[in-house]
Structures are given as structure tokens and as C-alpha cells.
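Here the structure is a predicted model, which means the values were calculated and not measured.
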Amino acid sequence: IEHGTYLDEETCALMTQRGTYFVPTMSTWDARDRLGRLYGMTDAERTAAMDRKENSIASFKRALAAGVRIAAGTDAGGSPARHGFIARELELMVDSGMSPNAALESATRAGAQLMGIQDLAGTIEVGKQADMVLIDGDPLSDVGALRNVWAVFQAGRRVR
């Protein structure tokens with residue numbers, strides 16, 4: 001389930017029971033809030049975005065409390081959120097009650113499991129693709145450290 005802005009307890013219980021993944025894409029409303037001011041969003045559009053924000057956070061907290069499997073995503077391209085906003089998505093998840101470790105796993109292990117590629121990606125293990133980022137800082141102490149990308153490796157080769 002992507003967005004899941006209006007999840008209730010019953011739906012979260014069913015999602016947990018059935019092993020359904022939830023991709024909250026909170027960075028969609030966050031980008032509208034941050035960028036909309038620059039691009040002249042109307043008061044009505046801002047009010048609608050803030051309503052979505054409140055309901056999104058409430059749904060996320062319900063899903064988290066119910067033990068729903070959560071994978072990180074930004075809806076990049078389908079909203080004002082763009083590629084590169086994943087660090088902000090994880091910050092929003094942590095701000096909404098998820099531990100930094102669980103947020104990191106939502107963007108790695110859980111994402112790979114959701115896509116069915118856990119044998120190729122999602123964790124650092126022998127035989128898996130060596131697509132990694134090297135961070136300057138400790139994202140387990142401060143998830144915002146994910147913004148401090150020092151190097152990027154794709155298939156084991158440094159590309160940045």
C-alpha cells in the first residue's frame with residue numbers, strides 16, 4: 001500500500017496479518033509544504049496538504065504500532081518529491097516514532113524484500129550487489145547524517 005493516508009486500526013491489523021507492506025511516502029506532503037511556498041500554492045492547497053500531513057502521520061503511527069511491514073519510498077516523479085529525497089523520508093519516519101535503525105532497514109532490507117530482490121540487494125553480504133553509499137556520520141544517532149554522502153558505489157565500483 002503506497003501513501004496509506006487514511007489507514008485505520010482495522011486495516012493495519014489486516015495488513016499485519018497478511019504481510020502487506022506499507023510505503024508511506026510522507027515526503028510527498030513535506031515537499032508540497034516546503035516547495036509550495038516557493039511556487040505560490042494557494043491557501044486552500046496548503047490547507048489540503050496540511051490535512052494530508054496530519055492524516056499521513058496518524059496512519060504511519062497506527063501502522064507502526066500494529067507491526068505493519070514498512071518500506072521507504074518517496075513517490076519521486078509522481079509528486080513534488082524528487083529522487084534524492086529519501087533521506088528526508090527517513091527523517092520524517094523517525095520524527096513520527098520509528099527508530100533510526102528501523103528507518104534504515106525500511107530503505108534497505110525491507111525495500112529489497114518488497115521488490116522480491118532480497119537475494120541480490122538490501123543487505124551487505126557476500127554474493128549480493130555491492131550498491132552502497134558511504135556516509136560521513138552515524139545515521140543511527142542522527143538519521144540526518146544520510147545527507148552527508150561521502151561516496152557512492154555501484155556494483156562494487158565507486159561512481160561518486
Side-chain angles (χ1 to χ4, degrees), residues 1-7 11-35 52-53 55-160:
I1 304 291
E2 187 171 335
H3 304 298
T5 306
Y6 300 100
L7 297 178
T11 303
C12 289
L14 285 170
M15 290 172 72
T16 301
Q17 178 185 8
R18 296 184 180 171
T20 303
Y21 279 87
F22 173 40
V23 183
T25 64
M26 293 193 287
S27 51
T28 59
W29 52 256
D30 183 67
R32 278 187 179 84
D33 182 38
R34 290 183 298 118
L35 301 175
R52 194 170 319 128
K53 171 184 178 176
N55 285 296
S56 174
I57 291 170
S59 290
F60 179 81
K61 289 180 177 185
R62 280 187 210 101
L64 190 61
V68 173
R69 295 195 282 184
I70 298 174
T74 63
D75 203 26
S79 73
R82 295 293 176 246
H83 296 287
F85 281 28
I86 196 71
R88 181 64 183 146
E89 182 73 18
L90 298 186
E91 288 171 339
L92 293 166
M93 293 167 115
V94 170
D95 289 347
S96 298
M98 184 177 257
S99 73
N101 188 61
L104 287 170
E105 285 191 11
S106 77
T108 55
R109 180 190 318 265
Q113 290 169 338
L114 171 60
M115 299 300 295
I117 59 170
Q118 65 272 14
D119 292 339
L120 301 172
T123 57
I124 300 172
E125 297 178 59
V126 173
K128 290 192 175 185
Q129 295 175 1
D131 296 343
M132 302 175 279
V133 292
L134 184 58
I135 303 298
D136 182 12
D138 178 8
L140 295 178
S141 301
D142 173 17
V143 74
L146 291 171
R147 296 174 183 274
N148 304 323
V149 176
W150 189 76
V152 177
F153 296 86
Q154 186 175 24
R157 295 186 186 272
R158 187 172 180 169
V159 295
R160 177 177 171 245

With a cut-off of 6.0 Å (strictly less than), are more than 12 heavy atoms of other residues, nucleotides or ligands near [atom1] of [X]?
X	atom1	answer
Met132	CE	yes
Ile124	CD1	no
Arg158	CZ	yes

Any residue meeting side chain to side chain contact (heavy atoms under 4.5 Å, CB included) with [X], in chain and number order, not counting sequence neighbours:
X	answer
Leu146	Ala87, Leu90, Leu104, Ile135, Pro139, Val143
Ala76	Thr74, His83
Arg160	Val149, Val152
Ala102	Met98, Ser99

Tell me the closest heavy-atom pair linking [X] and [Y], and the distance in Å.
X	Y	result
Ala110	Tyr21	O-CE2, 3.7 Å
Ile86	Ala72	CD1-CB, 3.9 Å
Pro24	Met93	CG-CE, 3.8 Å

Got a donor-acceptor contact below 3.5 angstrom from the [X] side chain to the [Y] backbone?
X	Y	answer
Arg62	Leu7	yes
Ser59	Gly4	yes
Lys128	Gln118	yes
Ser106	Ala103	yes
Thr16	Ala66	yes

Spatial distance of atom [atom1] ([X]) from atom [atom2] ([Y]) [nearest 0.5 Å]:
X	Y	atom1	atom2	value
Glu91	Arg147	CD	CZ	4.0 Å
Arg52	His3	CZ	NE2	9.0 Å
Glu89	Thr28	CD	OG1	7.5 Å
Ser27	Arg32	OG	CZ	10.5 Å

Within a strict 4.5 Å, meaning less than it, do heavy atoms of the [X] and [Y] side chains meet?
X	Y	answer
Met26	Asp95	no
Phe22	Thr11	no
Leu14	Thr20	no

* **Partners passing salt bridge (Lys or Arg N to Asp or Glu O under 4.0 Å) against Arg34 (at least two apart in sequence or in another chain)** =>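 Residues passing salt bridge (Lys or Arg N to Asp or Glu O under 4.0 Å) with Arg34: Asp30.
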* Partners passing salt bridge (Lys or Arg N to Asp or Glu O under 4.0 Å) against Glu105 (at least two apart in sequence or in another chain) ->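 With neighbours one apart ignored, the set is Arg109.
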* To do: Report the C-alpha separation of Phe85 and Leu92 in whole Å, then their side-chain angles, then the decisive distance to 0.1 Å, and conclude whether the side-chain contact (heavy atoms from CB on, under 4.5 Å) test is met.
  => CA-CA 11 Å; Phe85 281 28; Leu92 293 166; over 6 Å; no
* Under the side-chain contact (heavy atoms from CB on, under 4.5 Å) criterion, do Ile70 and Phe60 qualify, and how do the steps go? -> CA-CA 9 Å; Ile70 298 174; Phe60 179 81; 3.8 Å; yes
